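The sequence lines fix the lettering, A, B, ..., with proteins before strands; numbering per chain opens at 1. Computed from a prediction, not measured in an experiment: that's the story for all the values here.
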2 protein chains.
Amino acid sequence: MFHALSDTTRRDILRRCVRDDLSVSRLAEAYPMSFAAVQKHVAVLERAGLVVKQRRGREQIVRTDPDAVGRARQALDELETAWRGRVERMSHLLAQDAEPDAHDPTEGQI
Amino acid sequence: MFHALSDTTRRDILRRCVRDDLSVSRLAEAYPMSFAAVQKHVAVLERAGLVVKQRRGREQIVRTDPDAVGRARQALDELETAWRGRVERMSHLLAQDAEPDAHDPTEGQI
DNA sequence: CTAATCTACAACCAAATGGTTGTAGATGGG
DNA sequence: CCCATCTACAACCATTTGGTTGTAGATTAG
């Protein structure tokens with residue numbers, strides 16, 4: 001999934017499809033590359049579950065899956081939270097070390 | 001930056017460094033690949049600003065940058081929010097269409 | 001000082017990636 | 001029915017990527 005997000009064109013496709021539902025050929029018009037290339041990008045996004053294709057006549061409409069984007073976001077959210085939590089714990093430990101009744105043998109070490 | 005996150009090993013390195021500050025060689029012990037390979041992964045994370053290296057004696061300590069992770073998270077957060085907002089607007093439009101005094105010529109179309 | 005450790009970086013290689021063109025299968029319009 | 005449009009997919013190519021080994025520079029331990 002992060003792999004799918006790692007390409008500029010694919011992130012842009014995602015952004016466009018958030019605004020409007022677009023067919024693959026409509027999307028392809030927006031980029032300086034072949035239709036087949038855009039189609040491959042959409043396929044990558046689809047395999048990652050970030051996007052869903054839905055037939056409408058002879059067109060294939062591309063829609064972003066908000067839940068999938070949400071899951072990716074949440075993964076990073078947890079990373080960030082874990083880090084903040086760690087800083088919190090470290091501050092706590094430092095506070096403990098500073099307690100007046102501490103009889104830590106390493107106390108004298110600057 | 002998403003590119004840096006697109007590799008499993010790099011995401012794992014990030015997770016490990018969130019828990020502890022680790023030297024490059026310590027990190028390398030954890031993976032079935034050469035030291036140089038891990039070093040390259042760290043370099044990629046560093047170029048993406050996700051991680052910072054800090055000299056300690058002859059070791060190089062790797063620390064995650066929580067702000068960078070936060071920025072990536074926020075980018076996805078905005079994507080998700082944009083999508084939810086769009087659904088909101090669509091619901092609103094549908095509600096307007098359903099208003100009793102509507103004199104829409106397409107009203108009779110099933 | 002010498003040896004051991006940790007790091008940096010270059011050169012190289014196989015595989016994946018992003019792009020191309022070409023061909024063929026559905027679908028709708030006239 | 002026939003044609004134009006939209007899509008899918010295969011084959012191919014250049015570049016990037018993730019990995020290797022080897023060499024060399026710092027820094028600490030003895």
Margin query: Looking at B/His3, I'd like to know whether one of its side-chain N or O atoms comes within less than 4.0 Å of OP1 or OP2 on D/dT17.
Written below: yes
Note to self: Any side-chain N or O of A/Ser34 below 4.0 angstrom from OP1/OP2 of C/dT20?
What the structure shows: yes
Check: Within the structure, does a side-chain N or O atom of A/Arg55 lie under 4.0 Å from either OP1 or OP2 of D/dT7?
Finding: no
Next item on the list: Report yes if at least one side-chain N or O of A/Ser25 is closer than 4.0 Å to OP1 or OP2 of D/dT5; otherwise report no.
Entry: no
Next item on the list: Taking the side chain as every heavy atom from C-beta outward, state whether B/Glu46 and B/Val52 have any pair of such atoms under 4.5 Å apart.
Entry: no
Check: Whole Å only: how far is the CG atom of A/Leu45 from the P atom of C/dT17?
Finding: 14 Å
Next item on the list: Identify the heavy atoms of A/Arg16 and A/Ala30 that sit nearest to each other, and give their distance.
Entry: CZ-CB, 3.5 Å
Checklist line | B/Arg58 (side chain) and D/dT28 (base): donor-acceptor pair under 3.5 Å | finding: yes
Note to self: Using whole Å, what does the distance between atom P of nucleotide D/dT17 and atom CZ of B/Arg47 come to?
What the structure shows: 9 Å
Next item on the list: Give the rounded distance in Å between these two atoms: CZ of B/Phe35 and P of C/dA8.
Entry: 7 Å
Margin query: At 4.0 Å (heavy atoms only), tell me whether A/Arg10 reaches a base, stays on the sugar-phosphate, or touches nothing.
Written below: sugar-phosphate
Notebook entry, point to check: Can you check whether A/Lys53 has a side-chain N or O nearer than 4.0 Å to OP1 or OP2 of D/dA8?
Noted result: yes
Note to self: With a 4.0 Å limit, can you tell me whether B/Gln39 has a side-chain N or O closer than that to the phosphate oxygens OP1/OP2 of C/dC9?
What the structure shows: no
Check: Nearest-Å distance, CE (B/Met33) to P (D/dT17)?
Finding: 16 Å
Notebook entry, point to check: Does a side-chain heavy-atom distance below 4.5 Å link A/Leu79 with B/Leu14?
Noted result: yes
Item checked: Cluster overlap B/Val44 with B/Val51, hydrophobic side-chain contacts below 4.5 Å -> no
Margin query: Without decimals, in angstroms, what is the distance between A/Ile61 CD1 and D/dC6 P?
Written below: 11 Å
Check: Base, sugar-phosphate, or nothing: which does A/Ala36 touch, judged by heavy atoms less than 4.0 Å apart?
Finding: base
Item checked: Nucleotide C/dA8, atom P - distance to NE2 of B/His41 in whole Å -> 15 Å
Next item on the list: For A/Lys40 and D/dT7, give me the distance from atom NZ to atom P, rounded to whole Å.
Entry: 17 Å
Checklist line | Qualifying residue, where the test is side chain to side chain donor-acceptor pair (under 3.5 Å) with A/Trp83 and the options are B/Asp67, B/Asp65, B/Thr64 | finding: B/Thr64
Margin query: Taking the nucleotide of DNA chain C with the nearest heavy atom to each, does A/Gly57 or B/Arg26 sit closer to the 5' end?
Written below: B/Arg26
Note to self: Using whole Å, what does the distance between atom C1' of nucleotide D/dT7 and atom CD of A/Glu46 come to?
What the structure shows: 12 Å
